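Model, not experiment: these values are computed from the prediction. Below, chains carry the letters A, B, ... as their sequence lines are ordered, and counting in each starts from 1. Note that these values count all heavy atoms, side chains included, but never hydrogens, waters or copies made by symmetry.
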Amino acid sequence: MNAFDRLAPPLQKWIRQQGWPSLRPVQTAGINAILGTNNDVIITAATAGGKTEAAFLPLISDVLLEEPAQDHGFDLVYIGPLKALINDQTRRLEDMCREAELAVVPWHGDIGSGVKSRALKAPRGVLLITPESLEALFVRRGSSIATLFGATRAIVLDELHTLLDSERGIQLRSLMNRMEIATGRQIRRVGLSATLGDTGLARHFLRREAPDDVVLCEAAGGGAEFQVQLRGYLTGGKVPEDEVAAKDDRSAEAAIAMHLFEKLRGSNNLVFAGSRGKVELYADRLRLLGEAQGLPQEFYPHHASLSKEHREFVEKRLKDASLPTTAVCTSTLELGIDIGSVTCVAQIGAPFTVASLAQRLGRSGRRAGQPSILRQYQIEARLEKSSHLADRFRLGLVRAIAMIELYLQKWYEPPRSSALHLSTLVHQILAVIAERGGASAERLYVTLCSKGPFYAVDTTLFLAVLRQIGSSDIALIEQSDNGLLFLGRQGEKLVEHYSFYAVFKTPEEFRLVEQGKDLGTLPVDNILAPGMTIIFSGRRWEIVEIHEREKVILVTRSKAGAPPLFGGDPGEIHNQVVEKMFEVLEGKAVPIYLCKQAAALLAEARGNFALTEAGFHRIIATGEDSHLIATRKGSVVTNTLALALGGFGFETSIYDGFIEVRTKEAKLRLEDALALIAESKRLSLFYRQAEPQSEKFHPFLSADLLQQDALSCRLDETGAIRLASEILASTQQQTARNR
DNA sequence: GACCTGCTGCGGCTTG
């Protein structure tokens, strides 16, 4: 029997109504993988490749054709990382389920309590929910979980790739696990994604006990033709006489804005500017260019600090084919919210990961016969005598090239699987105790570690965490006479507040208000005062009043302004990306997608790289007491070595694949320090400040636990030790050769 | 040298 015939009649009718000539291969594969089996399944296809239907056509059929395990409860559970995505998918599923008369229930923070209480009284159909709302159900209604999910056939995880490596992903795996323990049944898991770097690790995420049994349904190669141009621009330094032309504004940003304005006007596009500050800067310039020509506005900023109203306005304009719209944005427009297809994706500066570049490009070329177009812009510094080697090697441009090359090879960053996730573990200990009204240490360990996602935590470490959060000054948990663990004084306070359900940290912010209307938010660490001017939401403002206690800033329209500071963490670059960068630096081929200026910059970078023989000498003297070490590694290993060197009094700065070391304050020679590191088994002794508190529940952990947590993911000791001996060996070879 | 995501229950009010 073919795939279509195996579906329940209401779904066959729905497919006919859609006017589809046939099912797509990935949908046929999904139907065959799911119907009549208990398989866990991963479905990967390009954005808008029909993944949702590939999963839900057979899953809904299964609900209609087979008897449920119990009379009440949700038949299917869909978990989405965004409220907007849940709203989109609710509409699609309602359409698909109408004929089948199956209820579709959206559930997140913006959904009214009426919908929720009705669904709790008579749970059935498809539940679409966020990880946080699901956590809230477990914590608030722990005793109802077995009833609510006792009939659930499958859990569908949308945008699986965003969950693999993150704190939220660990929480979600724990929730799926807790659901199976509460209902006493194994529940099928179906993951959907457009960009999975390593399907092996995705399988492991989905079902750790049996990753090999997870069935993979892959759509055959996307098909859209890929067009790319990389344009290089110069900034700073002395502008040569012949380049000083009539135009007032010679900055690279102005030139890029002008090019974007000319190329993108009249169609729908996305411009990824790299940071919220840069988004504001380019949106402002593009608006001014339009106003100068008396043209209607079509360039708008979009990022997470802007008000919901403004963001929804921009998203709606993007969906509307009749109004040309370009959004200058951050990764807010990277995920699967349906904004239709855009003509071109522009990227200013090199992205941090190939995975996000791929995700962004998935937004363009979605209509048959239309290419997917990338316009990459890169600004480099004009070189002077005193210019730094990182500028001479044109590392920004080289990284942009490496990213495009890796994208063409279809390589994406894999998730790291060794992380301990102690912050999230603390959260889940509190959550499980709240869900069950108390738990023994043994039961907790089985639920969370031996059977759960914290498998890297052994019993010794687990007990150390319990002791730490049970200590009298932390008081998150306490133990009763019969050995059962309960929430402590502080633990109860945390769990009672609604801010408990999310496992990730969010900064404190000011609200920006103009005449009673919210424009958006700004991190509180901005240094602002009345009279100062800023660019925000694509317009210029003057600060009128600051209300510290209410965290409100009142503003009024202004003619001047600069983008405010939005803060942020340093990005993380994978080893493979840095390796590719060195391949580019050492290579000869000039990619055809470089403009003349970019090609000249690449030639210059290669010339400077060859001149300093950085490929040959791993340690290059760059001044009287400064050196450049070529680590040829990504930021985790490079950071670890830099931290270890810092322990010896060296001052360090980090670049892609390089560490600059200043030896002035150091107690010993650089080579001797490297030798000591190379001989070590552990580096912890050398760190000066290796207790970073970056995650939400880190403040409750001890220095020792924080260091173990950092070493499991943000630092790589063995990698750094190996790197130190590798660098030494190559310098010794070099010395021998010179003799 | 960065980006993003999420949130309950209840008291008290108005309105039909």
Whole angstrom value for the distance that separates [atom2] of [N] from [atom1] of [X]:
| X | N | atom1 | atom2 | answer |
| --- | --- | --- | --- | --- |
| His388(A) | dG1(B) | NE2 | C1' | 14 Å |
| Lys278(A) | dA2(B) | NZ | P | 9 Å |
| Asp391(A) | dG1(B) | CG | C1' | 14 Å |
| Gln347(A) | dA2(B) | CD | P | 14 Å |

So, [X] and [Y], do they make that salt bridge, N to O below 4.0 Å?
| X | Y | answer |
| --- | --- | --- |
| Glu435(A) | Arg178(A) | yes |
| Arg662(A) | Glu660(A) | yes |
| Asp569(A) | Arg714(A) | no |

Exercise for the section: Would you indicate what Asp656(A) reaches in the nucleic acid, counting non-hydrogen atoms under 4.0 angstrom: base, sugar-phosphate, or nothing? Expected result: base
Practice task
Treat primed atoms plus P, OP1 and OP2 as sugar-phosphate and everything else as base, then score nucleotides 4-12 of chain B 5' to 3': B for base contact with protein heavy atoms under 4.0 Å, S for sugar-phosphate contact only, - for none.
Solution key: SBBBBS---
Practice task
Scan side-chain atoms only and decide if His161(A) and Ser193(A) contain a donor-acceptor pair under the 3.5 Å cut-off.
Solution key: yes
Handout entry: NZ or CZ of Arg399(A) within 45° of Phe352(A) ring axis and under 6.0 Å
Key = yes
Practice task
Check the surroundings of atom NZ in Lys319(A): do more than 12 heavy atoms from other residues, nucleotides or ligands lie under 6.0 Å from it?
Solution key: yes
